[in-house]
Amino acid sequence: MPELPEVETVRIGLKRLLVGRDIAKVEHNWNKSFPNPKIEVDKYMINSKIIDVRRRAKILMIDLTENYSLVIHLKMTGQLVFRGNEDFGAGHPTDSLVGKLPDKSTRVVITFYDGSKLYFNDQRKFGWMRLMPTTEIKNIDFMKKVGPEPLDDNFTNTEFISRLYKRKKSNIKAVLLDQTIIAGIGNIYADESLFAAGIHPASIVNAIPADRLKKLYISIKQILLLAIEKGGSTDRNYVNAEGKRGSYIDIAKVFRKEKQPCPKCNLAITKIRVAGRGTHVCLSCQKLYLEANK
DNA sequence: CACTTGACCTGTCCGC
DNA sequence: TGCGGACAGGTCAAGT
């Protein structure tokens, strides 16, 4: 759910809302959501100031003074929602999808000296937050093996194809979801990109013609950029740093569109299972490539 | 070694 | 209406 565009949207919001704020208090109620011992959290977070908010793949990094950072993965249902000082008694903003906070899915609350708060909500408890020295982030296993950012100007079609070919006998959808091949793509944007490129998700990588892969490369960049513009996709839980929904899902072509007409050919979109995931496909517009040189 | 499946969790939806 | 089970999907560990 939170994929590159959603995490980037949260990053932009948090950077605007959090930088410069001083931490007064940190509370958490679920150890797996924030495993650092309380004594360490208090020592390095309280009285420190937020100086930057960064992203790599689907991971957020909130940098603090004293060279410590909060590293956060939202997984499927994680939310980071900022609320201003609520002493006005208004309850919560009426345009927020999230109700009064904290609620039963709140795992961590960070309170700032001005009374504002940052809530880490996570219904399914798969997400996590870790406090560590900023220079240690690059040593996390995931960071060592994660692939390139698809929106980097340095990320060329040539590099894209050579990386896909590391798993050339696999189906293309599984490879797009593999974060060590390319960073940031999840179920929504894999389906949308493959539709745009006219490739069936079960196609085998080395059977797909080069011009199709180039179309896929271009589609991934275009779709991720457009999705960031739209503030991401709110399918179920995802909200931005202000608790608001993203609107990309409204313009999605195939994701969650099963039984609805394909925007190109009108045939009903089909939902199948590929790489163990629910997968949306137009069987007429997306060609299945299974054997090389055909 | 490459790929697939199961585990981690909770809430929702569907069929009986 | 209540209840069981399937499903939602990011990543890592375990299994084939």
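Heavy-atom basis, side chains included; hydrogens, waters and symmetry copies ignored. Keep in mind it's a predicted model, so treat the numbers as computed, not measured. We name chains A, B, ... by the order of the sequence lines, and we start the count at 1 in each one.
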Response to the item:
Per nearest nucleotide of DNA chain C, the residue lying toward the 5' end, A/Asp141 or A/Gly278, is A/Gly278

Mind checking if [X] touches a base, just sugar-phosphate, or nothing, with heavy atoms under 4.0 Å?
| X | value |
| --- | --- |
| A/Arg107 | nothing |
| A/Phe255 | sugar-phosphate |
| A/Ser170 | sugar-phosphate |

Output yes when at least one side-chain N/O atom of [X] is less than 4.0 Å from OP1 or OP2 of [N], else no.
| X | N | answer |
| --- | --- | --- |
| A/His73 | C/dT11 | yes |
| A/Lys104 | B/dG11 | yes |
| A/Gln179 | C/dT11 | yes |
| A/Arg236 | B/dG11 | no |
| A/Lys32 | B/dC9 | yes |
| A/Lys75 | B/dC8 | no |
| A/Arg277 | C/dG10 | yes |

Nearest whole Å is fine: how far is [N] [atom2] from [X] [atom1]?
| X | N | atom1 | atom2 | value |
| --- | --- | --- | --- | --- |
| A/Ile185 | C/dT11 | CD1 | C1' | 16 Å |
| A/Gln123 | B/dC8 | CD | P | 18 Å |
| A/Asp235 | B/dC13 | CG | P | 12 Å |

Discussion item. Looking only at the side chain of A/Lys271 (C-beta and beyond, no hydrogens), which of the listed nucleotides C/dA8, C/dG9, B/dT4 gets closest?
Written reply: C/dA8

Fill in: Base-pairing mate for B/dC9 - Watson-Crick or G-U, with both contacts under 3.5 Å
none

